[in-house]
Amino acid sequence: MGLAGYIGKRAVRLVLSLIAVSILTFTLLQLAPGNFADLQRVNSGATNFGGVGTESMVGELESRYGADVPVWKQYLIFMKGAVVWDFGPSYKYASRNVQDIISEAFPVSATLAVLAVLLALLIAVPVGVFAALRQNSKTDHTTMFVVTLGHALPSYLTAAFMILLFSATLKLLPSGGWNGPEDMILPVLALSLGPAAVLARYVRSSMLETLREEYVTAALAKGGPRRTVIIRHALRNSLIPLVTVAGPLLAALMTGTVFVEALLRIPGLGLYFANAAASRDMPLLMGTALFFALILMVTNLVVDLIYGLLDPRIRTVGGGSHDGH
Amino acid sequence: MSDEALLSVRGLRTTFRRDGAEPLTAVDGVSFDVRRGQALAIVGESGSGKSVTMRSVMGILPRTARITDGQAMFGGRDLLAIGDKELRKVRGRDIAMVFQSAMEAMNPTLTLERQLTEHLLWHGICNKAEARKRAVRALGDVGIPDPEKRIRTYPFQLSGGMRQRAMIAMAMVTEPALLIADEPTTAVDVTVQRQILDLLAELKNRGTGVIMITHDLGVARYFCDDAVVMYAGRVVERAPMDRLLDDPRHPYSVGLLGSGVEVGGRELPLRPIPGSPPDLSHRPDGCPFHPRCARAELPRCGTEQETLTIGPGRDAACWKVAVDA
């Protein structure tokens with residue numbers, strides 16, 4: 001009952017937030033200069049007012065919203081569709097509905113994101129623990145220096161470098177595309193390095209903090225083997241707050257990574273979103289923006305639920321007040 | 001007396017490594033004995049080295065600490081010489097430790113069952129099922145009602161007093177010969193304080209040796225047989241508890257007794273010792289107490305500190321003390 005009530009409350013908040021996001025996004029997009037038709041004209045180099053494609057596009061827009069419908073009514077019409085997962089056709093990809101684009105592109109981005117975060121955790125946890133156990137030693141400083149480098153390198157640079165190395169020079173991996181598992185290696189590697197660095201620093205500091213806890217000393221005083229004490233008492237408790245960092249990282253990657261997707265020609269959501277923004281593709285922009293907001297909020301909810309599952313202090317109190325991030 | 005001593009510490013010296021400075025001597029030539037079924041109070045202000053002394057014996061010092069001299073005979077072996085692997089078998093099984101705050105010394109994310117049984121398993125004392133039985137019994141022994149049910153809870157679900165009892169149960173479940181209690185009553189309120197002390201007194205009566213680290217002479221007086229008074233890492237006076245209270249000899253002990261502690265139900269007049277304990281990195285030469293001592297006589301007090309035997313089981317580190325005929 002407690003948990004169901006908690007989730008219910010969070011769901012209501014989630015819906016209210018989504019409405020707020022939609023109003024804000026819609027308003028901002030209305031205020032933004034330029035529109036799809038104008039941009040099409042400029043890009044196609046047409047001199048006359050409105051090309052054929054543009055004309056039909058405008059027609060479609062008019063048939064959906066009505067030509068002289070006031071902005072607030074346009075919003076309501078859009079939202080009426082959004083509620084039943086129908087965002088209408090995209091302007092740019094005129095033959096396809098926005099929801100179909102999302103359904104097709106999101107799994108691609110999500111697969112990459114999940115794999116990248118998993119790889120990042122696999123790297124970060126051992127590295128962070130290793131550095132923490134040797135705090136202030138040369139190994140610690142060296143490791144953390146490398147980690148900072150990894151953090152500072154943008155993923156598109158890493159991706160470009162990897163394409164040069166693995167595809168162009170060694171000819172081991174495809175330089176892009178999305179046809180099989182081998183196409184995942186480069187993007188996952190490129191995407192995981194930054195998060196791995198963030199997470200490693202977090203694991204290190206969290207671990208250092210936990211190692212100073214009296215209960216770790218107390219466990220050693222009970223005669224616990226060092227390794228067992230470190231894993232059962234220190235590491236376990238250090239990793240609990242990690243979900244609050246890993247969750248948002250995962251959400252950020254799931255909503256697409258424009259540069260890496262563009263560089264490696266991956267049909268992910270980030271790429272569509274960037275194109276939609278560049279061409280003022282209103283339905284696609286609104287649809288993806290709302291979808292991103294939904295993903296972020298659901299991730300946060302899941303993070304809080306997992307946190308409660310891992311930390312008995314929150315689980316048993318009922319978790320109503322916890323917003324762990 | 002040494003032959004019947006449970007733990008016999010001689011000339012213990014512990015230093016802490018510092019960046020760009022000489023190591024800091026936190027414990028400097030400390031010696032004392034504890035006998036079976038007896039309680040020894042180690043009394044001193046914070047920073048006097050009482051906790052470091054006992055953590056040295058237990059081998060649970062921080063990484064920067066090093067034991068540079070001394071021995072600690074327990075069961076015919078020198079705990080400081082047997083190495084961590086052997087010491088680990090003694091730690092938590094034959095010598096157990098109770099900490100100031102159960103809130104900090106118990107792992108918040110593990111159940112009492114886990115924390116009360118894990119060292120029984122580490123030491124191979126019994127199997128899991130038997131360990132659980134023993135843990136339930138230990139909880140009952142310290143006066144926790146309904147131990148069968150309570151053992152499944154987490155530390156934070158207990159009241160402060162119950163939590164402190166649970167920690168004592170955790171220490172006693174292996175039936176150690178010696179219990180080290182590090183300020184076990186400092187973090188609890190007065191009513192609980194009395195209950196905890198009664199519990200410890202009961203353990204003592206059943207034959208457990210107890211070392212009580214405290215800054216509170218009232219607490220020490222309540223059930224300790226002997227006392228060691230520490231100042232700036234050194235023992236300044238060693239005496240049977242009642243003798244120390246009736247007739248303190250070292251000027252620091254005299255000052256400590258006069259500084260407003262409650263003794264024998266009457267509040268002694270508050271006469272604080274002028275000055276403050278020395279920073280260990282600038283410990284005065286000779287007797288470390290001499291800059292604050294009303295009876296100090298220079299130059300001798302500033303160059304040497306002599307420990308005189310002043311009666312049966314009594315000595316004091318001051319050349320000016322009166323020696324019993």
Side-chain angles (χ1 to χ4, degrees), chain A residues 2 129-141 206-244 306-319 321-322 324, chain B residues 17 19 51 54-55 57-64 84-112 114-125 152-157 167 170-171 173-174 176 179-180 182 187:
Chain A
V129 171
F130 178 82
L133 291 178
R134 289 162 184 73
Q135 190 198 3
N136 291 334
S137 69
K138 262 198 192 102
T139 6
D140 176 25
H141 292 313
S206 177
M207 189 73 186
L208 281 176
E209 207 173 294
T210 318
L211 284 173
R212 275 194 294 269
E213 293 282 353
E214 188 89 315
Y215 59 75
V216 173
T217 311
L220 287 173
K222 290 197 294 185
R226 203 174 141 74
R227 183 190 296 257
T228 311
V229 171
I230 284 171
I231 292 172
R232 184 182 296 175
H233 289 273
L235 182 59
R236 200 189 122 101
N237 289 4
S238 314
L239 292 189
I240 292 175
L242 198 66
V243 293
T244 62
I306 291 179
Y307 203 109
L309 206 68
L310 294 176
D311 193 330
R313 283 168 295 190
I314 289 153
R315 187 198 319 152
T316 40
V317 170
S321 62
H322 181 67
Chain B
R17 194 176 67 222
D19 282 335
S51 282
M54 292 326 300
R55 284 172 195 233
V57 172
M58 289 287 271
I60 51 167
L61 291 166
R63 277 193 323 161
T64 51
D84 194 65
K85 198 164 157 254
E86 286 299 307
L87 183 56
R88 195 169 76 66
K89 297 179 186 165
V90 175
R91 192 156 67 206
R93 189 183 67 181
D94 303 314
I95 306 180
M97 200 154 170
V98 166
F99 293 82
Q100 179 168 336
S101 158
M103 192 70 181
E104 278 151 30
M106 297 187 84
N107 190 324
T109 64
L110 296 179
T111 57
L112 293 189
R114 191 75 178 263
Q115 301 193 61
L116 264 79
T117 56
E118 61 182 0
H119 45 317
L120 287 167
L121 305 177
W122 286 338
H123 293 296
I125 293 172
R152 287 195 297 270
T153 61
Y154 294 90
F156 66 91
Q157 291 171 302
M167 178 173 56
M170 178 166 88
V173 71
T174 57
L179 181 72
I180 298 169
D182 190 348

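In this text, all values refer to a predicted model and were calculated from it rather than measured experimentally. By convention in this document, chain letters (A, B, ...) are assigned in the order of the sequence lines, proteins followed by strands, and residues within each chain are numbered from 1. These values consider heavy atoms only, across backbone and side chains, with no hydrogens, waters or symmetry-generated copies.
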Q) What closest approach, in Å, do A:P312 and B:F156 show between heavy atoms, and which atom pair accounts for it? A) O-CZ, 3.4 Å
Q. Taking everything shown except A:E209 itself, do over 12 heavy atoms lie less than 6.0 Å from its CD?
A. no
**Q.** A:N237 and B:P108, any side-chain heavy atoms less than 4.5 Å apart
**A.** yes
Q) Which atom names give the shortest non-hydrogen contact between B:R63 and A:Q135, and what distance separates them? A) NH2-O, 3.2 Å
Q: Mind listing the closest non-hydrogen atom pair of B:F99 and A:A221 along with its distance?
A: CZ-CB, 4.1 Å
Q) Taking B:T111, B:L87, B:N107, B:D84 one by one, which has the highest count of heavy-atom pairs under 4.5 Å against chain A? A) B:N107
Q.
For B:M58, which atoms come within 4.5 Å of any heavy atom of chain A: side chain, backbone, both, or neither?
A. side chain
Q: Could you tell me which portion of A:I240 (side chain, backbone, both or neither) has an atom closer than 4.5 angstrom to a non-hydrogen atom of chain B?
A: side chain
Q: Work out which heavy atom in B:R91 is nearest to a heavy atom in A:L220; give both atom names and the distance.
A: NE-O, 3.1 Å
Q | pair A:K222-B:Q115: side-chain heavy atoms closer than 4.5 Å | A | yes
**Q.** Heavy-atom side-chain proximity of A:T217 to B:R55 below 4.5 angstrom
**A.** yes
**Q.** B:W122 versus A:A219, closest heavy-atom pair with distance
**A.** CZ3-O, 3.6 Å
Q) Can you check side chain to side chain contact (heavy atoms under 4.5 Å, CB included) on B:L110 and A:R236, steps first, answer last? A) CA-CA 10 Å; B:L110 296 179; A:R236 200 189 122 101; 4.0 Å; yes
**Q.** Structural part of B:A105 lying under 4.5 Å from a heavy atom of chain A
**A.** both
Q) Between A:R212 and chain B, which part of the residue has a heavy atom less than 4.5 Å away: side chain, backbone, both or neither? A) neither
Q: Report the option among B:M106, B:M167, B:K85, B:R93 that has the most heavy-atom pairs separated by less than 4.5 Å from atoms of chain A.
A: B:M106
**Q.** Note, A:R232 side chain near B:R114 side chain (heavy atom, < 4.5 Å)
**A.** yes
Q.
Can you tell me how far apart OG1 (A:T228) and CG (B:L121) are? Round to the nearest 0.5 Å.
A. 11.0 Å
**Q.** Closest heavy-atom pair and its distance - A:G224, B:R88
**A.** O-CD, 3.8 Å
